[in-house]
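One structure is given here, and the rest of the page talks about it.
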Amino acid sequence: MSATGPGRTPFIAGNWKMNKTVSEAEEFIAALLPRVSSVQGVDVAVCPPYLDLQAMVDSTRGSRVQVYAQNMHHAAEGAFTGEVSAPMLTELGVHGVILGHSERRELFGETDRALQLKVPAALAAGLVPILCVGETEEEREAGDTERKLRHQVQEGLAKVDSGRLGDVVIAYEPIWAIGSGRVATPEQAQEALGFIRALVADRSREQAQRTRVLYGGSVKAENAGELLALPDVDGALVGGASLDPAGFAAIVDAATPA
Ligand code: 13P
């Protein structure tokens with residue numbers, strides 16, 4: 001059961017990372033849709049690799065499952081070899097985009113400066129951005145978690161109009177919990193998510209009540225209920241456990257309001 005705040009619809013998004021060919025994606029979605037067809041009051045998204053997007057938009061049409069991309073360039077077009085823009089995504093019918101995932105930051109040189117441009121560019125194009133933030137294990141041990149989160153949230157939202165802050169989804173993904181099986185404790189998750197909401201409130205109290213803040217990092221069907229019941233947790237960004245239709249559907253069930 002989810003304890004999402006007033007007016008905030010719980011949101012479960014599956015980040016497939018670099019997994020699933022088009023045929024594997026089709027197989028997954030055929031198995032997922034019947035499992036989530038009767039779910040109410042939860043927003044559900046899959047975030048496949050670019051090449052699967054068209055197939056997933058077509059296969060989910062008329063269902064409650066939305067399709068998000070995993071990254072985009074801030075410019076609408078131009079000489080940026082290998083990149084994909086917001087208008088390319090919206091024309092396909094993609095609903096939103098993950099931005100600033102720690103794997104993009106750590107492995108592909110994504111910077112806070114680039115995210116300053118990407119987040120408002122996504123909003124302007126009509127995409128829902130999921131801005132990812134989170135500390136390393138060393139930063140947590142050094143007592144630097146809040147400093148890191150403050151920096152990432154303030155930078156990522158710096159060029160977003162105050163009146164649109166509530167349209168940005170923020171995912172707190174402690175890097176030490178990603179793919180490690182080491183999920184944050186409920187206390188750690190609530191503390192970080194409450195802090196993130198307070199950072200948004202520093203810009204706009206009203207918008208902070210609309211902002212959906214997700215937890216990500218080793219979320220599975222077995223631990224989702226406890227995390228989703230926390231007051232500031234509005235949903236989950238799920239990696240490994242989102243690759244299996246039954247496991248992902250069970251997490252969606254855990255987010256369903258009573
Ligand atoms: P895992 O759920 O595999 O830990 O991955 C979390 C994540 O990075 C989602 O974006």
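Counting starts at 1 for both ligands and their atoms, in listed order. Just so it is clear, the values below take in all heavy atoms, side chains as well, and ignore hydrogens, waters and symmetry mates. None of the values given here were measured: they were computed from a predicted structure.
Within the 3.5 Å criterion, the main-chain N or O of R212 finds no donor-acceptor partner in the side chain of R8.
Taking distance alone, with nitrogen or oxygen atoms compared against 3.5 Å, H101 approaches ligand 1 more closely than that limit. In terms of polar-atom proximity, G217 is not counted as a contact of ligand 1, lacking any N or O under 3.5 Å from an N or O of the ligand. Geometrically, ligand 1 and E103 share no nitrogen or oxygen pair separated by less than 3.5 Å. Considering backbone and side-chain N/O atoms, G179 comes within less than 3.5 Å of an N/O atom of ligand 1. In terms of polar-atom proximity, defined here as any N/O pair under 3.5 Å, G239 does make such a contact with ligand 1.
Residues A86 and A125 approach most closely at CB-CB, 3.5 Å, considering heavy atoms. When all heavy atoms are compared, the tightest approach of S102 to I178 is OG-CD1, 3.2 Å.
Using bins of under 30°, 30° to 60° and over 60° for the plane-to-plane angle, the ring pair W16/F28 lands in the perpendicular bin.
Counting the atoms of ligand 1 from 1 in the order shown, those under 4.0 Å from a heavy atom of E173 are 6 (C), 7 (C), 8 (O), 9 (C), 10 (O). In the vicinity of S218, heavy-atom distances shorter than 4.0 Å reach the ligand 1 atoms 1 (P), 2 (O), 4 (O). Listed by number with element, the atoms of ligand 1 under 4.0 angstrom from any heavy atom of L237 are 9 (C), 10 (O). Atoms of ligand 1 lying under 4.0 Å from any heavy atom of G240, numbered from 1 in the order shown and given with element: 1 (P), 2 (O), 3 (O).
The part of A177 lying near ligand 1 is the backbone, judged by heavy-atom distances below 4.0 Å. Contacts with ligand 1 closer than 4.0 Å are made by side-chain heavy atoms of N15 only, the backbone lying farther away.
Each of L149, L199, D112 was evaluated against V133; a single residue qualifies, L149, per the side-chain contact (heavy atoms from CB on, under 4.5 Å) test.
The 12-atom threshold is not exceeded at CD of E191, counting heavy atoms of other residues, nucleotides or ligands nearer than 6.0 Å. A 6.0 Å sphere centred on CD of Q54 holds more than 12 heavy atoms belonging to other residues, nucleotides or ligands.
If you take OG1 on T256 and CD on Q40, they are separated by 9.5 Å, rounding to the nearest 0.5 Å.
Under the 4.0 angstrom criterion for non-hydrogen atoms, K17 is in contact with ligand 1.
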